[in-house]
Amino acid sequence: MTVHPTHTEHIDSETGKLGMWIFLFTELFLFGGLFLVYAIFRAKYSPEFHHAAEELNAFIGTINTVFLLVSSMTVAGALTAMQKGDRRMTLLLLTVTIMLAGLFMVNKYFEWSHKFEYGIFPGSPVLKNMPHGELLFFGLYYMMTGLHALHVLVGMVLLSINVVKVKAGTVNSERFLMLENSALYWHLVDLIWIFLFPLLYLIT
Amino acid sequence: MRDEKNHISTYRSLVTVLVILLALTTISVLITGIHLGPVTVAVALLIASVKVAIVITQFMHLKFENLFLKLAVSGVLTLFVLVIVITFIDYFFR
């Protein structure tokens, strides 16, 4: 008992989790900067932002919000299942989470392609002829939702790696830091959307 | 060791949290449907903040983490709010 594996595990997981949180702090300021730009321009170009925001489909936004909230619960459930040693449930809930993330992206695809049809995309002639405030709104809309969608994709990859690792047994009821940190990342994706959704889709 | 202190969220509590979050989303959508001007913005942001607080404490498990992590998260969030407030003060009074 001189070498006690659980002892090292204890230190690893605590610091490993702290490291993840610190990374999430940097993510907060990455998106925070964009939120700040959005807020200032919204104050400056209020009528234009109001007009442009009405172009967005609040229904798709709401559906995507529900997808992300449910997926946040399923990933938290996957962690609970793993801690209880229920591998089957962990895999099931992880798969559901990845599927919900996929549905989110499908929705995003339809939402964006609908805008593209109207010629609303970064650098388009339609956009260039819009009032300055509306141009800024759509620029920020694509930047913020695009960066968020990128995070959704990264989250999907991370969760898929977890599925493989749980199947292989390298993530198990004793060692689940990777799953825990991936879940934290996924919750951050949800958190950002919680603010993006009302700011872009609801407040018109 | 870890397992002695480690709190495992129950499925039931996770579902409860989800129901609350979905209810808040519904309220947010309904309220912003009524155009109340600046009040709408304030209410939407307030509801979003409540949702974020719930996700962080429950789903992200912060409620059951050690004091250091709680302080770190609160500190960073405070810093973030300060950055926003100070920028707006600068913007409105320049």
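Lettering follows sequence order; numbering is per chain, from 1.
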Looking at side-chain heavy atoms only, is the closest gap between [X] and [Y] below 4.5 Å?
X        : Y        : answer
B:Ile84  : A:Phe35  : no
B:Leu45  : A:Leu199 : yes
B:Tyr11  : A:Lys84  : yes
A:Pro198 : B:Thr32  : no

Under 4.5 Å heavy-atom distance to chain A, tell me which part of [X] shows up: side chain, backbone, both or neither.
X       : result
B:Val41 : both
B:Leu21 : both
B:Thr25 : side chain
B:Ile47 : neither
B:Thr26 : neither
B:Ile8  : both

Heavy-atom pair with the smallest gap, counting every atom of [X] and [Y]:
X       : Y        : value
B:Val52 : A:Phe195 : CG2-CE1, 3.4 Å
A:Phe25 : B:Val76  : CD1-CG2, 3.5 Å
B:Met60 : A:Leu188 : CE-N, 4.4 Å
B:Phe80 : A:Gly32  : CE1-CA, 3.3 Å

What part of [X] lies closer than 4.5 angstrom to a heavy atom of chain B: side chain, backbone, both or neither?
X        : result
A:Ala58  : neither
A:Met89  : side chain
A:Leu184 : both

Q: Return yes when atom CZ of A:Phe116 has more than 12 non-hydrogen atoms of other residues, nucleotides or ligands closer than 6.0 Å, and no otherwise.
A: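 Count over threshold, so yes.
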Q.
For A:Phe41, is the CZ atom crowded, meaning more than 12 foreign heavy atoms sit under 6.0 Å from it?
A.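 Counting neighbours around CZ of A:Phe41, 12 or fewer heavy atoms of other residues, nucleotides or ligands fall under 6.0 Å, so no.
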Q. Where do B:Leu79 and A:Phe29 land on the side-chain contact (heavy atoms from CB on, under 4.5 Å) test, with the steps shown first?
A. CA-CA 10 Å; B:Leu79 176 65; A:Phe29 280 88; 3.9 Å; yes
Q | Those residues of residues 70-81 of chain A, ordered by number, that approach chain B below 4.5 Å (heavy atom to heavy atom) | A |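 The stretch touches chain B at A:Val70, A:Ser72, A:Met73, A:Ala76, A:Gly77, A:Thr80, A:Ala81.
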Q: Check the pair A:Leu191, B:Lys51 against side-chain contact (heavy atoms from CB on, under 4.5 Å), reporting the backbone distance first and the verdict last.
A: CA-CA 8 Å; A:Leu191 285 186; B:Lys51 282 166 76 180; over 6 Å; no
(Q) Test side-chain contact (heavy atoms from CB on, under 4.5 Å) on A:Leu28 and B:Leu77; report intermediate values, then the result. (A) CA-CA 9 Å; A:Leu28 169 73; B:Leu77 288 177; 4.0 Å; yes
Q: Quick one: do A:His187 and B:Ile56 satisfy side-chain contact (heavy atoms from CB on, under 4.5 Å)? Show the steps, please.
A: CA-CA 8 Å; A:His187 292 310; B:Ile56 290 179; over 6 Å; no
Q. Can you tell me how far the CZ atom of B:Phe59 sits from the CG atom of A:Asp190, to the nearest 0.5 Å?
A.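 Output value for this atom pair is 7.5 Å.
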Q.
Ring of B:Tyr91, cation from A:Lys44 - is the NZ or CZ under 6.0 Å from the centre and inside 45° of the axis?
A.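 Judged by the rule (NZ or CZ under 6.0 Å from the ring centre, within 45° of its axis), A:Lys44 is not positioned above B:Tyr91.
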Q: Mind jotting down which residue pairs meet the salt bridge (Lys or Arg N to Asp or Glu O under 4.0 Å) criterion with at least one end in residues 62-73 of chain B? Sequence neighbours excluded, please.
A: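 Qualifying pairs, neighbours excluded: A:Lys17-B:Glu65.
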